[in-house]
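What's counted below: heavy atoms across the whole structure, side chains too, no hydrogens, waters or symmetry copies.
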Amino acid sequence: NFYMQCMKHKTKPRVAAIEKKSTGVTLVSVLKNLQGLRIVEIERSRAGGSKTDRFLECQPFVAQRRISLPETGTHTRMCIEHMRKITANDSHRFDDIADTLQTAIQITLIEGTLLPAPDSC
């Protein structure tokens, strides 16, 4: 449903990063067959550090204002409020949005794995 909503926009999605656990495993297998959509499978393990470590690693990018949200976006306010509740001692109740932010920063700004393929330029 989310993908179909994204397809209504002028700029179509080209990449979907999906965490490979729970329903993500099924989602990856279904979406891999969509032509024109690159799937990046996100593996989580203890070797990648704790959630707190991962959030702290992405903080400099947020502080440097390298992350932006649309001012009139449907979910912008919710995302900002969610991120304000994240604590270093894991006292926050939910962290799904923070996980998404961290993953986006990791694969784009830290690893650079979402750079355009050489043949797409």
Checklist line | Stepwise side chain to side chain contact (heavy atoms under 4.5 Å, CB included) check, Gln106 with Glu111 | finding: CA-CA 6 Å; Gln106 182 70 38; Glu111 297 171 359; 3.0 Å; yes
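Residues forming a side-chain contact (heavy atoms from CB on, under 4.5 Å) with Lys12 (at least two apart in sequence, or on another chain): Met7.
A salt bridge links Lys32 with Glu41: at least one charged nitrogen is closer than 4.0 Å to a carboxylate oxygen.
In this structure the side chain of Leu101 reaches within 4.5 angstrom of the side chain of Val62, judged on heavy atoms. The closest side-chain heavy-atom distance from Ile39 to Leu37 is below 4.5 Å. Counting only heavy atoms from C-beta outward, the side chains of Lys20 and Ile42 never approach each other to under 4.5 Å.
Of the candidates Thr103, Val40, Leu31, Ile18 forms a side-chain contact (heavy atoms from CB on, under 4.5 Å) with just one, namely Leu31.
Residue Glu57 holds its CD atom at 4.0 Å from CD1 of Ile110, rounded to the nearest 0.5 Å. Atom CD1 in Ile67 sits 8.5 Å away from atom CG in Leu69 (nearest 0.5 Å). The CG atom of Asn1 sits 10.0 Å away from atom SG of Cys6, with the distance rounded to the nearest 0.5 Å. Note: Gln59 CD to Ile105 CD1 = 7.5 Å, rounded to the nearest 0.5 Å.
Every pair tested for salt bridge (charged side-chain N to carboxylate O under 4.0 Å, His left out) that includes a residue from residues 59-68 fails, sequence neighbours excluded, so the list is empty. Within the structure, side-chain hydrogen bond (donor to acceptor under 3.5 Å, both in side chains) pairs that include any residue of residues 67-77 do not occur (at least two apart or interchain).
Using modelled atom types, one side-chain atom of Ser29 and one backbone atom of Thr26 make a donor-acceptor pair closer than 3.5 Å.
In terms of hydrophobic clustering, with Ile, Leu, Val, Met, Phe, Trp and Tyr side chains grouped at heavy-atom distances under 4.5 Å, Leu34 and Val28 are assigned to a common cluster.
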